[in-house]
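Since the structure comes first, as structure tokens, the remarks are kept for the end.
The model shown is predicted, which means the values in this text are computed figures rather than measured ones.
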Amino acid sequence: RDFAVSGEWRNGVGSIAHTHFSLDWVPDRQLAEWLGGEPLRFDNVAADPRVAATIRRIYDGAEIRAFLTIPLIEEGRALCALSVQQSEPRHWRGDEVALVRDVAERAWLAVEKARAEQSLQQRERAQAFLIEWTDRTRELAAVDAIIDTTVTMLAAHLGVTRATYSVSDEAGRLFSIRGEWRDPRVISIADTSFSLDDVGETVEREWLSGAIVRYDDIAADPRIEDAVRAAYLDTQIAAFVSIPLIENGRVRSALSVQHETARVWQPDELQLLRDVADRTWVAIERARAEAELQERERSQAFLIDWTDRLR
């Protein structure tokens with residue numbers, strides 16, 4: 001029921017780009033027609049008895065005295081709308097209504113085509129990243145080398161200002177930053193530690209659930225307690241995503257990306273982070289297992305050599 005103005009052209013009036021409007025502003029009868037796919041048309045907002053006084057003042061403040069809006073309805077829900085507005089009363093002719101409707105339908109088809117192409121490109125880019133990551137980590141034997149490669153590649157791919165990999169203590173409560181890549185603009189948090197008690201109650205619950213932990217705007221998010229919010233902002237974390245790894249009911253490690261300004265994390269970015277986090281854990285476990293095997297073989301070789309020397 002709430003819409004954000006994502007695109008705008010204007011002439012001689014103030015901008016309403018990135019503002020919001022609500023379907024609660026639309027009279028009930030017209031709302032029912034609009035949800036049925038009919039145009040929403042007002043020739044004179046100030047004089048129209050259908051518009052409540054409080055809503056009229058909102059329109060007047062935005063310099064909207066007449067408007068025509070065409071909705072895109074899918075399964076009874078309004079997904080988007082194309083709207084033309086006038087700063088003075090205007091009688092919308094039938095041919096104008098037909099033209100706006102025709103443009104709206106063509107625009108939606110073009111937008112859906114562009115989205116499909118963008119989605120395909122994003123999937124191909126993510127797949128290329130995973131192939132390159134696999135190639136670069138396959139022969140790495142050291143855990144730290146795997147972690148460093150992962151955070152460096154992720155930060156560059158996503159364009160974030162920091163990427164980290166943290167590991168927990170036995171209790172799964174205290175975490176150490178084992179690996180970090182950061183932009184020189186932000187401070188380093190490498191080799192520091194933090195407790196789940198420090199991240200806030202909501203973030204802690206999300207971490208313990210194993211879900212993707214996503215925050216687009218720390219400064220404005222009501223889920224973040226004020227004291228915790230200050231700690232995030234002090235370390236130049238205005239937005240972040242963390243992927244925790246849960247094993248036997250406790251968090252073992254977490255892969256995180258952070259940005260110094262608010263950022264809307266996209267679904268393809270979240271999926272890539274989940275894929276990389278899972279693969280990184282597998283690669284680290286492989287490296288550890290190989291290191292343990294090499295150590296056992298080295299010990300066994302020593303014992304054999306020692307035994308031979310005693311004979």
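At least one side-chain heavy atom of L255 sits under 4.5 Å from a side-chain heavy atom of L154. With contacts defined as side-chain heavy-atom distances shorter than 4.5 Å, the pair Q266/Q271 does not qualify. Proximity of V45 to R56: side-chain heavy atoms (C-beta onward) are separated by under 4.5 Å at one or more points. Proximity of T280 to W133: side-chain heavy atoms (C-beta onward) are separated by under 4.5 Å at one or more points. Looking only at side-chain heavy atoms (C-beta outward), L174 and S193 come within less than 4.5 Å of each other. Between I212 and V241, some side-chain heavy-atom pair lies under the 4.5 Å cut-off. Annotation: side chain of R178 is in contact with side chain of V143 (closest heavy-atom distance under 4.5 Å). Side-chain contact between R263 and V257 is absent, with no heavy atoms from C-beta onward closer than 4.5 Å.
Both F42 and I55 belong to a single network of hydrophobic side chains, linked directly or stepwise wherever heavy atoms of I, L, V, M, F, W or Y lie under 4.5 Å apart. Criterion: ILVMFWY side-chain heavy atoms under 4.5 Å apart, direct or through other members. Under it, L245 and V203 are not part of a common hydrophobic cluster. Criterion: ILVMFWY side-chain heavy atoms under 4.5 Å apart, direct or through other members. Under it, L40 and L99 are not part of a common hydrophobic cluster. Neither V5 nor L79 shares a network with the other; the hydrophobic side chains, linked directly or stepwise wherever heavy atoms of I, L, V, M, F, W or Y lie under 4.5 Å apart, form separate groups for each. Taking hydrophobic clusters as Ile, Leu, Val, Met, Phe, Trp and Tyr residues chained together by side-chain heavy-atom distances below 4.5 Å, I224 shares a cluster with I237.
Going from atom CG of D275 over to atom CG of L270 covers 11.0 Å, rounded to the nearest 0.5 Å. Note that CD1 of I73 and SG of C80 are 9.0 Å apart. Values are rounded to the nearest 0.5 Å. The line from CD of Q122 to CG of L272 is 11.0 Å long, rounded to the nearest 0.5 Å. If you take CD1 on I218 and CZ on R223, they are separated by 8.0 Å, rounding to the nearest 0.5 Å. Atoms CD and CD1, from Q86 and I64 in turn, are 11.0 Å apart once rounded to the nearest 0.5 Å. Separating the CD atom in Q236 from the OG1 atom in T161 is a distance of 7.5 Å, to the nearest 0.5 Å.
Scanning for side chain to side chain donor-acceptor pair (under 3.5 Å) contacts around D226 gives R229, with sequence neighbours left out. For E285, the side chain to side chain donor-acceptor pair (under 3.5 Å) criterion is met by R288, not counting sequence neighbours. Partners of Y59 according to the ring pair (Phe, Tyr, Trp, His ring centres under 6.0 Å) rule, which considers only residues two or more places apart in sequence or in another chain, are F67. Not counting sequence neighbours, the partners of L140 by the side-chain contact (heavy atoms from CB on, under 4.5 Å) test are T137, A145, I146, T149. Every residue two or more places apart in sequence or in another chain that forms a side chain to side chain donor-acceptor pair (under 3.5 Å) with H91 is listed here: R41, D43. Checked against side chain to side chain donor-acceptor pair (under 3.5 Å), D95 has the following partners two or more places apart in sequence or in another chain: R93. Partners of A262 according to the side-chain contact (heavy atoms from CB on, under 4.5 Å) rule, which considers only residues two or more places apart in sequence or in another chain, are D217.
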> Checking side-chain contact (heavy atoms from CB on, under 4.5 Å) for the pair V84/R90: CA distance, chi angles, key distance, verdict?
Replying inline: CA-CA 11 Å; V84 293; R90 171 173 179 161; over 6 Å; no
>> What verdict does the side-chain contact (heavy atoms from CB on, under 4.5 Å) test give for R162 and I187, after you've listed the backbone C-alpha separation in whole Å, the side-chain angles of each residue and the deciding distance to 0.1 Å?
In response: CA-CA 9 Å; R162 190 189 290 115; I187 63 174; 3.9 Å; yes
> What do the steps show when you test D135 against I131 for side-chain contact (heavy atoms from CB on, under 4.5 Å), and what is the final call?
Replying inline: CA-CA 6 Å; D135 289 342; I131 291 172; 3.8 Å; yes
>> Quick one, L196 with L208, criterion side-chain contact (heavy atoms from CB on, under 4.5 Å). Give me CA distance, side-chain angles, the key distance, then yes/no.
In response: CA-CA 9 Å; L196 284 184; L208 293 176; 3.8 Å; yes
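The ring-ring contact (aromatic ring centres under 6.0 Å, His included) contacts involving residues 141-161 comprise F129-H157, where partners must be two or more places apart or lie in separate chains. Within the structure, the ring-ring contact (aromatic ring centres under 6.0 Å, His included) test picks out the following pairs touching residues 161-185 (sequence neighbours left out): F175-F194, F175-W207. The stretch residues 212-244 participates, sequence neighbours left out, in these ring-ring contact (aromatic ring centres under 6.0 Å, His included) pairs: Y215-F240, Y232-F240. Counting only residues at least two apart or on different chains, no ring-ring contact (aromatic ring centres under 6.0 Å, His included) pair has a member in residues 241-281.
Using modelled atom types, no side-chain atom of E269 and backbone atom of L158 make a donor-acceptor pair closer than 3.5 Å. Side-chain atoms of T164 do not come within 3.5 Å of backbone N or O of I177 as any donor-acceptor pair. Without hydrogens or angle criteria, S253 side chain to V167 main chain gives no donor-acceptor distance under 3.5 Å. For E8 (side chain) and S15 (main-chain N/O), no donor-acceptor pair under 3.5 Å exists by modelled atom type. Judged by distance alone, with hydrogens and angles left aside, the side-chain atoms of D169 form a donor-acceptor pair with the main-chain N or O of R173 at under 3.5 Å. Here the side chain of R65 pairs no donor or acceptor atom with the backbone of P89 at under 3.5 angstrom.
For the residue pair S256 and Q258, no side-chain donor N or O sits within less than 3.5 Å of a side-chain acceptor on the partner.
Between I147 and G179 the shortest heavy-atom distance is CG2-CA, 3.7 Å. In terms of heavy-atom proximity, V213 sits nearest to P244 at CG2-CD, 4.4 Å.
Contact check on E206 versus R214 returns no salt bridge, with no Lys/Arg side-chain nitrogen under 4.0 Å from an Asp/Glu carboxylate oxygen.
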I'd like a table of donor-acceptor pairs (distance under 3.5 Å, sequence neighbours excluded) in which one partner is a side-chain atom from residues 107-121, with atom names and distances.
| from | atom 1 | to | atom 2 | distance (Å) |
| --- | --- | --- | --- | --- |
| E112 | OE2 | R115 | NH1 | 3.1 |
| S119 | OG | R123 | NH1 | 2.8 |

